[in-house]
Structures are given as C-alpha cells and as structure tokens.
Amino acid sequence: MKLLPKETANLVTQAIKAAQSAGDLPEFDIPAIPITPTKHESHGDYACPVAMGLAKSAKMKPRAIAEIIIKHLPHADFIEKFEIAGSGFINFYLSSNFLKQQVEAIISEGENLFTLDIGIGKKAQVEFVSANPTGPIHIGRTRGGVIGDTMARLLEAAGYDVQREYYFNNAGNQMRILGESLKVRYLQELGQDVELDDNHYQGDYLIDYAKELVEQEKDALVDAEWVVFKEFVEQKMFKWIRKSLKAINIEHDNFFNEDSLFQNGDVWETLAELEANGYVYEAIHWKGITEEEKSKSKATELAKWFETTKFGDEKDRVMVKADGVPTYTLPDIAYHRNKVQRGFDVMVNVLGADHGQQYKTVAWGMEALGLDPTGIHVILNQFVRTVITDPKTGEKVEKKGSTRRGEYDTLDDLVEWTSADAVRYHLLAYSPTTHITFDVGEVIKQNNENPVYYIQNAHVRCCGIFREAAERGFTDDGADMSLLGEDELKFIRKAVELGRVIEAAVESYEPHKIAFYGQDLAGVFHPIYDKVRVLHTEVPQDVAKARLRFYKAAQVVFHRVLSLMGMTTPERM
RNA sequence: GCCUCCGUAGCUCAGUGGAUGAGAGCGAAGGACUUCUAAUCCUUAGGCCGUAGGUUCGAGUCCUACCGGGGGCGCCA
C-alpha cells in the first residue's frame with residue numbers, strides 16, 4: 001500500500017520542477033518537502049508548508065509560490081482536491097473513492113499490512129535485554145526487552161530480515177561470585193557452618209538450586225571449584241531467563257556467549273588490532289592523570305589503557321587489568337567487532353541509561369579498529385521508577401530495591417499479578433528517553449480504567465459482529481464499498497496512516513509510536529462502532545454488507561497493530 | 001565539577017519548526033445499556049509547555065544560561 005505523505009511530497013517535488021522548467025519559479029535546489037497530517041478537518045488531510053520555506057530563496061511571497069505549485073501539481077488518484085490556506089499552506093484532501101478502495105487493499109494485505117520495502121534485502125539485528133545471568137529479570141530490563149522486541153517487529157514490518165540477539169554475559173567476575181555464592185548455599189545445605197559475605201548474591205533462588213545440587217550430587221562437590229557451581233547455575237539462569245521472557249512473547253534467535261570471545265581468541269585479536277592501530281599503551285596510571293589523583297590511586301602495577309582521550313573522552317579507559325584479566329569493555333568491543341563483521345546493515349542496541357558512557361567507549365573502539373559504526377544505533381532507555389498508590393492517602397509510595405520482599409519487582413511477579421499484554425503495553429507506551437513512573441496499581445487493574453484493553457476491545461468488537469453475522473447466515477458477499485459513509489471513511493483515513501507510523505518508528509528508533517497509534521486508532525474506532533451498526537433491522541441489507549466488509553478491514557488493522565506490539569488478539573473479553 | 005536524560009492539565013504521559021481552540025488516558029462533575037457484550041460512548045471543568053534570553057516568516061519543539069529531578073563518571077559488570 002502507498003505511503004501517502006511520501007507520495008504527496010513527490011507530487012509537490014514534481015510540481016516545483018515543472019514550474020521551474022516552465023520558468024514560473026526561479027532555479028533553486030529543491031528541499032525535502034514537509035508533509036504534515038493536519039490537526040483540523042477544515043485543513044484537509046495533509047498540509048504542505050513548503051511555500052513559506054521557499055519564500056526567501058525564490059524571493060516571492062509564500063502564497064504566490066503556493067499558487068504556482070498547485071498550478072503544476074500532477075494528477076493523483078488519491079487526492080480529491082487541494083487548496084491554499086492561511087499564510088501559504090497547501091492543503092490536500094484525500095479522495096473518498098480512494099479511501100473506499102483501501103478497504104479491499106487492507107483485507108488483501110492481511111497480516112502483512114503495510115509491510116514496507118525500505119528494508120527489503122537488508123539484514124538487521126536487535127540486541128536487547130542482555131542482562132547478566134545472575135538473577136531473575138527485573139522490571140527495568142523488561143522495559144528494554146519490550147522496546148527491543150517491538151523494535152524488531154517494526155523492522156520486520158519495514159521489510160528487514162531481523163535477528164534478535166541476547167549478549168549473554170557469562171564471563172567475568174560477577175559469574176565467579178555467583179558460582180561462589182551457590183557453593184556457600186550448597187555447603188549450607190550440607191549442614192556446614194558457612195555464611196554468605198556482602199558481595200555474594202543473596203537471592204533465595206540459589207537456595208533452591210543448592211537443594212537440587214545436593215539431591216543430584218550428594219556431598220560429591222564439597223571440594224569442587226567455583227567453576228563447577230558457576231556452570232550449573234548458568235544453565236539454570238539461561239533457562240529461567242528464556243522462560244520469563246517467553247511469557248511476554250519475547251524470544252531471541254541467538255544467545256551470544258561472552259565466553260566464546262575468549263575461547264576463540266577474538267578478545268586478544270581485538271586488543272592486538274587496537275595496539276597495532278596505536279590506541280593502546282601500558283602504564284600504571286593513564287597519561288593525563290593529575291598528581292592529586294595519582295596520590296589517591298592504589299594502583300602499583302602496569303595495566304593496558306585504551307586511549308579514548310584521542311576521541312575527546314575525559315580520561316583513558318583500562319582494557320586489561322594489572323592481573324591480566326580484561327575489563328568488560330574489551331570483550332564488549334570484541335563483541336561489536338564481531339557483530340559488524342557479521343554484515344548487518346542495521347544494528348540496534350537497547351541499553352539501560354546506566355550504560356551511556358559504555359556505549360561511547362565501544363563506539364570509539366569501532367572507530368579505532370577502523371570499522372564502520374554507522375549501522376549501529378543505540379536506544380538508551382531511561383529507568384523505571386516503581387511506585388504504588390496508597391489506597392488511603394492516594395499518595396504514591398516509591399518501591400525501592402525490595403527484591404527480597406518480592407512484590408512486582410521481577411518480570412515473573414509482574415506477569416503473575418497482571419498479564420503479559422498489560423506488561424508489554426505499559427512498558428512500551430513511553431518514549432525510551434522518558435523516565436517513567438510505573439504505578440503498579442494502575443497496571444494490575446483489569447477493568448475499564450486500564451488502557452491496555454481499549455485497543456484489544458476494538459478487535460473483540462469486530463469479532464463479535466462476525467460471530468453474530470455467521471449465526472444469522474449473513475455474509476459480505478457482493479459488498480458495495482460506495483455505500484460507506486463519512487464515519488467509516490474517518491476510520492480508514494486513520495488506518496492508512498499505519499505505514500507512515502511504522503516508517504517513522506523505524507527511522508527514529510522509537511517503537512512507542514506504535515502504542516500511541518493503537519490508542520488513537522481505537523479512539524476513532526469505538527465512537528464509530530456505536531453509531532455504525534451492521535446487524536440492525538433498520539439498516540438496509542446492501543449497506544449492512546458494506547459495513548460488514550468495513551469491519552473486516554478494521555479487524556485486520558487492529559490485528560496488525562496488536563501483533564506489532566507483541567500483544568494477543570483476543571476474540572472475546 | 002563533568003557527561004547524559006527529563007521538567008507540558010491534579011496524576012501518568014504524547015506532541016515531525018507550522019495554522020491566535022497545546023492533545024490522550026486516569027482522576028473530578030454530569031449524562032447514555034430491551035441494541036453486533038457498556039472493558040464503550042457523549043458533555044463539562046482543568047495549561048504563562050520549569051525560568052530568562054536568543055535564532056526566524058513561525059518555537060512546547062532549535063541554541064545559550066539558570067533552576068529542579070533521574071542516571072553515569074572503578075584496574076566492577
């Protein structure tokens with residue numbers, strides 16, 4: 001289906017070119033043509049303010065330019081009329097016939113409605129969640145998960161071949177601590193008098209795993225190294241994380257093990273390349289350190305530094321610690337090097353706000369390696385603040401780090417208390433840059449106060465009509481779309497915006513746009529549903545057939561939108 | 001102190017440099033079910049878009065400064 005704003009912009013471009021070659025407009029470089037949906041019906045469907053922008057370079061009045069443009073506008077089947085308004089806007093009105101034809105077009109595209117061609121033949125990758133496998137998935141990570149998965153769905157809709165990847169941080173210090181923590185729990189299960197220290201993971205889930213281990217191995221592991229426990233708990237975590245994510249309809253195609261970068265030597269190759277390119281030096285302190293900082297520093301041995309100050313960083317960053325173990329930055333750079341080498345056209349990286357500095361360092365790493373980082377796009381999503389409204393005072397009480405008390409803090413809990421759809425919707429419906437306040441009380445509401453069900457209910461209502469029609473043996477055979485009225489056209493106008501929404505969401509890496517579109521679309525639908533009845537005695541048969549066909553198209557649109565959000569499409573509430 | 005994100009209705013949030021009516025949901029006040037299920041619809045009230053300057057035909061949107069809040073500034077990940 002057509003992307004109407006883009007098509008309209010093309011018309012204007014053609015008109016300007018024609019006007020120039022006819023000598024009606026002076027020569028100038030034609031800018032990108034802005035086309036905006038209008039806010040008021042009296043301004044038509046789309047508005048083009050380009051004449052105002054051209055006033056200077058053409059040395060003419062905006063309205064005069066607009067006059068000339070519309071004189072040269074080529075004919076298009078989707079435009080019924082256009083006119084000049086205000087200080088020089090060109091307003092376009094969509095053709096009713098065209099809109100009516102879209103009903104069939106929508107139905108025939110079905111589940112692929114508005115699949116675009118901008119990504120055809122291109123590979124995209126979305127890396128998201130990538131939480132350390134050291135505990136359950138937390139609500140903050142879930143936000144990244146929902147954003148990432150929805151982004152992947154939108155990229156697919158844009159035509160890309162998409163891979164969803166999870167960077168599994170199964171190397172490094174934290175995993176060792178996790179293994180050690182499990183060992184302590186294991187020994188405790190065997191009755192030994194040992195305690196966790198403050199650095200250890202305190203979560204109860206380790207007690208359960210320890211019990212399992214005792215059952216399986218008895219006391220055979222008493223003298224085993226932490227690695228043995230790490231391997232065991234890692235497998236458990238892997239399964240747990242996948243299960244938690246699957247509950248909200250998120251499945252990764254690939255789990256990339258950080259471990260593998262050490263095993264295949266990529267980490268050291270990366271370091272060697274950075275060294276060869278002259279970005280690494282060995283020193284106790286970084287080059288630009290002040291005497292004051294040096295006196296505070298405890299470092300006494302040589303480490304390897306990545307000279308990020310060459311890229312404008314405030315200080316250099318350690319790549320390899322004095323003990324010979326890399327910081328996590330080096331494998332992270334190696335990972336992205338690997339990613340780029342895998343040949344993706346687009347790589348989206350969904351990260352929490354706490355990784356703001358880290359991704360800069362990685363980007364500099366790509367530059368230092370001489371790799372092209374232009375395909376990499378980072379979505380930095382801000383934190384989620386969880387609150388719960390006190391029913392007595394109405395005050396919002398902040399919930400902080402109460403994993404141990406365990407209410408709503410993990411993804412598993414959230415899903416249990418609400419629903420997968422509610423979790424997905426509520427974490428998607430914010431711009432990634434917004435610091436959201438997540439009111440648990442609002443999300444768990446299963447009633448009409450919860451906007452989650454507003455969109456789904458539109459789909460349900462369509463299904464209800466078809467159910468009833470089927471019972472009565474009524475079909476849309478031979479439906480005549482010319483019988484549709486203004487109300488139905490209003491909905492179709494909104495429906496054909498979907499393509500532009502997908503395009504905008506993909507281009508700006510803002511998947512929340514689809515959630516707001518869904519709300520808008522349902523907001524147009526419901527009043528129409530109330531007015532435009534199908535199976536009523538006073539509705540003539542031929543009109544009823546046309547309307548039934550119309551609701552078929554509406555169902556297709558809602559199905560598509562809900563699928564893009566990773567939500568279910570219920571047929572009954 | 002530096003970097004970064006955010007200040008829009010009572011609350012939670014949208015808002016491509018465009019039209020002298022800045023939107024949605026929730027909350028508040030009032031109304032509509034003998035109907036294809038009302039998880040719906042229709043009214044009403046509610047705003048110096050943090051503050052002050054600047055850029056231009058035009059600013060909630062871009063720039064600067066300030067104020068307020070989140071996050072980051074480890075030889076942790």
Side-chain angles (χ1 to χ4, degrees), chain A residues 5 34-40 42-43 47 49 52-53 55-56 62 85-89 91 132 134 169 171-175 177 199 258 284-285 297-299 301-305 313-315 317-323 325-329 331-332 352-358 360 380-383 385 387 389 394 396 426 429-439 442 445-454 456-458 460-469 471-472 504 508 512-513 515-516 519-520 523 526-527 529-531 533-536 544 547-548 551 572-573:
Chain A
I35 300 288
T36 56
T38 56
K39 286 177 186 156
H40 312 300
S42 60
H43 294 151
M52 280 92 104
K56 217 168 225 180
S87 47
F89 290 94
N91 292 337
N132 287 346
T134 53
N169 265 249
N173 216 15
Q174 296 303 320
M175 291 307 285
I177 294 170
N199 289 330
E258 184 187 3
I284 295 174
H285 306 286
S297 167
K298 291 174 202 155
E301 289 177 75
L302 295 172
K304 291 196 175 180
W305 297 81
D313 202 358
E314 56 190 316
K315 55 172 288 188
R317 309 281 163 176
V318 172
M319 287 286 103
V320 183
K321 296 182 277 179
D323 61 5
V325 177
T327 64
Y328 94 127
T329 308
D332 217 0
D354 52 338
H355 286 70
Q357 170 62 44
Q358 177 62 13
K360 275 191 194 169
L380 264 193
N381 61 289
Q382 298 299 319
F383 279 21
R385 179 171 150 255
V387 299
T389 306
K396 291 183 187 301
H426 280 280
Y430 305 88
S431 160
T433 57
T434 296
H435 305 81
I436 64 182
T437 302
F438 199 83
D439 190 325
E442 290 298 317
K445 282 181 183 167
Q446 299 276 344
N447 57 23
N448 59 348
E449 290 164 19
N450 196 330
V452 175
Y453 308 106
Y454 191 70
Q456 288 183 322
N457 191 34
V460 166
R461 285 179 135 180
C462 292
C463 293
I465 300 173
F466 306 139
R467 237 187 348 258
E468 185 62 25
E471 264 179 40
R472 300 187 195 180
S508 60
H512 70 282
K513 287 182 191 296
F516 284 92
Q519 280 292 322
D520 280 355
H526 285 301
Y529 175 89
D530 267 9
K531 281 167 71 182
R533 298 273 147 169
V534 179
L535 305 169
H536 261 221
R547 290 180 177 177
L548 190 61
Y551 281 111
R572 293 168 190 272
M573 280 296 195

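In what follows, every heavy atom counts, from backbone to side chain, and hydrogens, waters and symmetry copies are set aside. By convention in this document, chain letters (A, B, ...) are assigned in the order of the sequence lines, proteins followed by strands, and residues within each chain are numbered from 1.
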Asks: Could you go through nucleotides 54-58 of chain B and list every protein N or O atom that sits under 3.5 Å from one of its N or O atoms, giving the distance for each pair?
Replies:
unit_1	atom_1	unit_2	atom_2	d
B:rC57	OP1	A:Lys56	NZ	2.9

Asks: If we take the P atom in both B:rU16 and B:rA38, what is their distance in whole Å?
Replies: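 Those two atoms are separated by 35 Å.
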Asks: Send over the distance from A:Gln382 CD to B:rU12 P, rounded to a whole Å.
Replies: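 Computing the A:Gln382:CD to B:rU12:P distance gives 17 Å.
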Asks: Taking the C1' atom in each of B:rC62 and B:rG69, what is the distance between them to the nearest angstrom?
Replies: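 About 23 Å, rounded to a whole number of Å.
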Asks: Give one of base, sugar-phosphate or nothing for A:Lys304, where a contact means two heavy atoms less than 4.0 Å apart.
Replies: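 Counting heavy atoms under 4.0 Å across all strands, no contact is made by A:Lys304.
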Asks: For A:Arg461 and A:Asp530, run salt bridge (Lys or Arg N to Asp or Glu O under 4.0 Å): C-alpha distance rounded to whole Å, both residues' side-chain angles, the deciding distance at 0.1 Å, then the answer.
Replies: CA-CA 10 Å; A:Arg461 285 179 135 180; A:Asp530 267 9; 3.8 Å; yes
Asks: Checking A:His43 side chain against A:Ala85 main chain: does a donor-acceptor pair fall under 3.5 Å?
Replies: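 No; zero donor-acceptor contacts below 3.5 Å.
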Asks: Sub-3.5 Å donor-acceptor pair from the side chain of A:Glu468 to the main-chain atoms of A:Leu535, do we have one?
Replies: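 No: the side chain of A:Glu468 does not pair with the backbone of A:Leu535.
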Asks: From C-beta outward on A:Pro451, which listed nucleotide comes closest to its side chain: B:rG25, B:rG21, B:rU35?
Replies: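 So the nucleotide nearest the side chain must be B:rG25.
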Asks: Rounding to the closest angstrom, what is the interatomic distance between B:rA32 and B:rG71 at atom C1'?
Replies: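 Pairwise C1' distance, B:rA32 against B:rG71, rounds to 48 Å.
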Asks: Hey, are the side chains of A:Lys321 and A:Thr327 touching, using non-hydrogen atoms and a 4.5 Å cut-off?
Replies: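 A:Lys321 reaches A:Thr327 side chain to side chain.
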Asks: Quote, to the nearest angstrom, the P distance that separates B:rC42 from B:rG47.
Replies: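 That atom pair is separated by 23 Å.
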Asks: Which whole-number value in Å describes the distance from A:Gln357 CD to B:rU4 P?
Replies: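 Going from A:Gln357 (CD) to B:rU4 (P), I get 10 Å.
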Asks: Let me know, please, whether A:His435 or A:Phe516 comes out on the 5' side of the other along RNA chain B by nearest nucleotide.
Replies: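 Comparing both residues, the 5'-ward one is A:His435.
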Asks: Ignoring backbone atoms, test whether A:Tyr529 places a side-chain nitrogen or oxygen under 4.0 Å from the OP1 or OP2 oxygen of B:rA38.
Replies: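 Looking at the OP1 and OP2 atoms of B:rA38, one of them is under 4.0 Å from a side-chain N or O of A:Tyr529.
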Asks: The side chain of A:His43 is closest to which nucleotide in this list: B:rA39, B:rG18, B:rA19?
Replies: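 Selected nucleotide (nearest to the side chain): B:rA19.
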Asks: Taking side chain as C-beta onward, heavy atoms only, is A:Tyr328 less than 4.5 Å from A:Asn173?
Replies: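 The answer is no, as the side chains (C-beta and beyond) never meet within the 4.5 Å cut-off.
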Asks: Using side-chain heavy atoms (C-beta onward) and a distance below 4.5 Å, is A:Met573 in contact with A:Asn457?
Replies: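 Yes. Closest side-chain heavy atoms under 4.5 Å.
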Asks: Do A:Gln357 and A:Arg317 have side chains that approach each other closer than 4.5 Å (heavy atoms only, starting at C-beta)?
Replies: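 In contact.
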Asks: Find out whether A:Arg467 and A:Arg572 are in side-chain contact, i.e. whether some heavy atom of one side chain is under 4.5 Å from a heavy atom of the other.
Replies: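 A:Arg467 reaches A:Arg572 side chain to side chain.
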Asks: So which heavy atom on A:Gly356 is nearest to which on A:Leu380, and how close?
Replies: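 Residues A:Gly356 and A:Leu380, closest heavy atoms: CA-CD1, 3.9 Å.
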Asks: Considering every strand and a 4.0 Å limit on heavy-atom distances, what is the contact class for A:Arg547: base, sugar-phosphate, or nothing?
Replies: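 No contact at all - A:Arg547 keeps every heavy atom at 4.0 Å or more from the nucleic acid.
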Asks: Taking only N and O in the side chain of A:Thr433, is any of them less than 4.0 Å away from OP1 or OP2 of B:rC6?
Replies: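 It does, given that an N or O in the side chain of A:Thr433 lies less than 4.0 Å from OP1 or OP2 of B:rC6.
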Asks: Counting a pair only when it is Watson-Crick or G-U and both distances are under 3.5 Å, which runs of at least 3 such pairs involve RNA chain B?
Replies: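 Correct response: B:1-7 with B:67-73, B:10-13 with B:23-26, B:28-32 with B:40-44, B:50-54 with B:62-66.
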Asks: So, is A:Thr437 close to the B:rC13 phosphate, meaning a side-chain N or O under 4.0 Å from OP1 or OP2?
Replies: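 Yes, A:Thr437 has a side-chain N/O under 4.0 Å of OP1/OP2 on B:rC13.
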Asks: Donor-acceptor pair, distance only, cut-off 3.5 Å: does the side chain of A:Ser297 make one with the backbone of A:Ala299?
Replies: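 Looks like yes, one N/O pair under 3.5 Å.
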Asks: With heavy atoms under 4.0 Å as the rule, sort A:Gly356 into base, sugar-phosphate or nothing.
Replies: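 A:Gly356: no heavy atom of the nucleic acid under 4.0 Å.
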Asks: Given the C1' atoms of B:rG10 and B:rU20, what is the spacing between them in whole Å?
Replies: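 Rounded to whole Å, the distance is 27 Å.
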Asks: Distance check, C1' atoms only: B:rU56 and B:rC63, in whole angstrom units.
Replies: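 Rounded to whole Å, the distance is 13 Å.
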Asks: Which heavy atom of A:Ala47 sits nearest to which heavy atom of A:Asn91, and what is that distance?
Replies: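 So the two residues come closest at CB-OD1, 3.4 Å.
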Asks: Would you mind classifying the nucleic acid contact of A:Lys360 as base, sugar-phosphate or nothing, using non-hydrogen atoms under 4.0 angstrom?
Replies: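 The residue A:Lys360 makes sugar-phosphate contact but no base contact.
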Asks: Identify the heavy atoms of A:Tyr454 and A:Gly523 that sit nearest to each other, and give their distance.
Replies: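 Smallest heavy-atom distance, with atoms named: OH-CA, 3.3 Å.
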Asks: For A:Pro49, report the nucleic acid contact type (base, sugar-phosphate, nothing); a contact means any heavy atom under 4.0 Å.
Replies: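 Since a base atom lies under 4.0 Å of A:Pro49, the category is base.
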Asks: Give me syn or anti for B:rC41, where syn covers glycosidic angles within 90 degrees of 0.
Replies: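 The base of B:rC41 is oriented anti (glycosidic angle more than 90° from 0).
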Asks: Within the 3.5 Å criterion, strictly below it, is a donor on A:Asp332 or A:Gln358 matched to an acceptor on the partner's side chain?
Replies: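 Checked: A:Asp332/A:Gln358 side chains pair up, N/O donor to acceptor below 3.5 Å.
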Asks: Would you kindly give the OH-to-P distance between A:Tyr454 and B:rA14, to the nearest whole Å?
Replies: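 My rounded result for the distance is 19 Å.
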Asks: Between B:rU12 atom P and A:Ile436 atom CD1, what is the distance in whole Å?
Replies: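 Roughly 12 Å, once rounded to whole Å.
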Asks: Distance check needed: B:rA24 P versus A:Lys513 NZ, whole Å only.
Replies: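 Nearest whole value for this atom pair: 18 Å.
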Asks: NA contact type, A:Ala469, heavy-atom cut-off 4.0 Å: base, sugar-phosphate, or nothing?
Replies: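 Contact class for A:Ala469: none.
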Asks: How close or far is atom P of B:rC41 from atom CZ of A:Arg461, stated in whole angstroms?
Replies: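 So the two atoms are 7 Å apart, to the nearest Å.
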Asks: Which part of the nucleic acid, if any, lies within reach of A:Arg385 when heavy atoms closer than 4.0 Å are counted: base, sugar-phosphate only, or nothing?
Replies: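 A:Arg385: no heavy atom of the nucleic acid under 4.0 Å.
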Asks: Assign A:Glu314 to base, sugar-phosphate, or nothing according to its heavy-atom contacts below 4.0 angstrom with the strands shown.
Replies: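 Sugar-phosphate, backbone atoms only, no base.
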Asks: Taking the side chain as every heavy atom from C-beta outward, state whether A:Phe89 and A:Met52 have any pair of such atoms under 4.5 Å apart.
Replies: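 Result yes, sub-4.5 Å side-chain heavy-atom pair found.
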Asks: Counting the atoms with a prime plus P, OP1 and OP2 as sugar-phosphate, which does A:Ala47 contact under 4.0 Å by heavy atoms, base, sugar-phosphate, or nothing?
Replies: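 Here A:Ala47 touches the bases of the nucleic acid.
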Asks: Can you see if the side chain of A:His512 gets near the phosphate of B:rG15 - specifically, an N or O under 4.0 Å from OP1 or OP2?
Replies: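 Answer yes for this pair, as a side-chain N or O of A:His512 is under 4.0 Å from OP1 or OP2.
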Asks: Mind checking whether A:Thr329 and A:Met319 have side chains closer than 4.5 Å, heavy atoms only?
Replies: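 Yes, at least one pair of side-chain atoms sits under 4.5 Å.
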Asks: Please report, rounded to the nearest Å, how far the C1' atom of B:rG69 is from the CZ atom of A:Phe383.
Replies: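 A:Phe383 atom CZ is separated from B:rG69 atom C1' by 15 Å.
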Asks: With a 4.0 Å cut-off on heavy atoms, is A:Tyr430 in touch with a base, just the backbone sugar-phosphate, or nothing at all?
Replies: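 Sugar-phosphate only.
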Asks: Heavy atoms under 4.0 Å, any strand shown: does A:Ser431 hit a base, just sugar-phosphate, or nothing?
Replies: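 Since only primed, P, OP1 and OP2 atoms lie under 4.0 Å of A:Ser431, the category is sugar-phosphate.
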Asks: Rounded to whole angstrom, note down the P distance from B:rU64 over to B:rA28.
Replies: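 Each nucleotide's P atom is 43 Å from the other's.
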Asks: If each of A:Asp530 and A:Asn91 is mapped to the nucleotide of RNA chain B with the nearest heavy atom, which maps nearer the 5' terminus, i.e. the 5' end?
Replies: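 Looking at RNA chain B, the more 5' nearest nucleotide goes with A:Asn91.
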Asks: To the nearest angstrom, how far is A:Asn457 atom CG from B:rC36 atom P?
Replies: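 Rounded to whole Å, this separation is 15 Å.
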Asks: Can you tell me how far C1' in B:rU40 sits from the matching atom in B:rG21, rounded to whole Å?
Replies: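 The answer is 27 Å between these two C1' atoms.
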Asks: Check every strand shown and say whether A:Pro37 touches a base, only sugar-phosphate, or nothing at a heavy-atom separation below 4.0 Å.
Replies: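 The answer is base, as A:Pro37 lies within the cut-off (heavy atoms under 4.0 Å) of a base atom.
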Asks: Do any N or O atoms of the protein come closer than 3.5 Å to N or O atoms of nucleotides 74-77 of chain B, and which pairs are they?
Replies:
unit_1	atom_1	unit_2	atom_2	d
B:rC75	O2	A:Ala322	N	2.7
B:rC75	N4	A:Ile284	O	2.5
B:rC75	N4	A:Glu301	O	2.9
B:rC76	OP2	A:Lys321	NZ	2.9
B:rC76	O2'	A:Gln174	NE2	3.3
B:rA77	OP2	A:Tyr328	N	3.1
B:rA77	O3'	A:Asn169	OD1	3.3
B:rA77	O2'	A:Asn132	OD1	3.1
B:rA77	O2'	A:Asn132	ND2	2.7

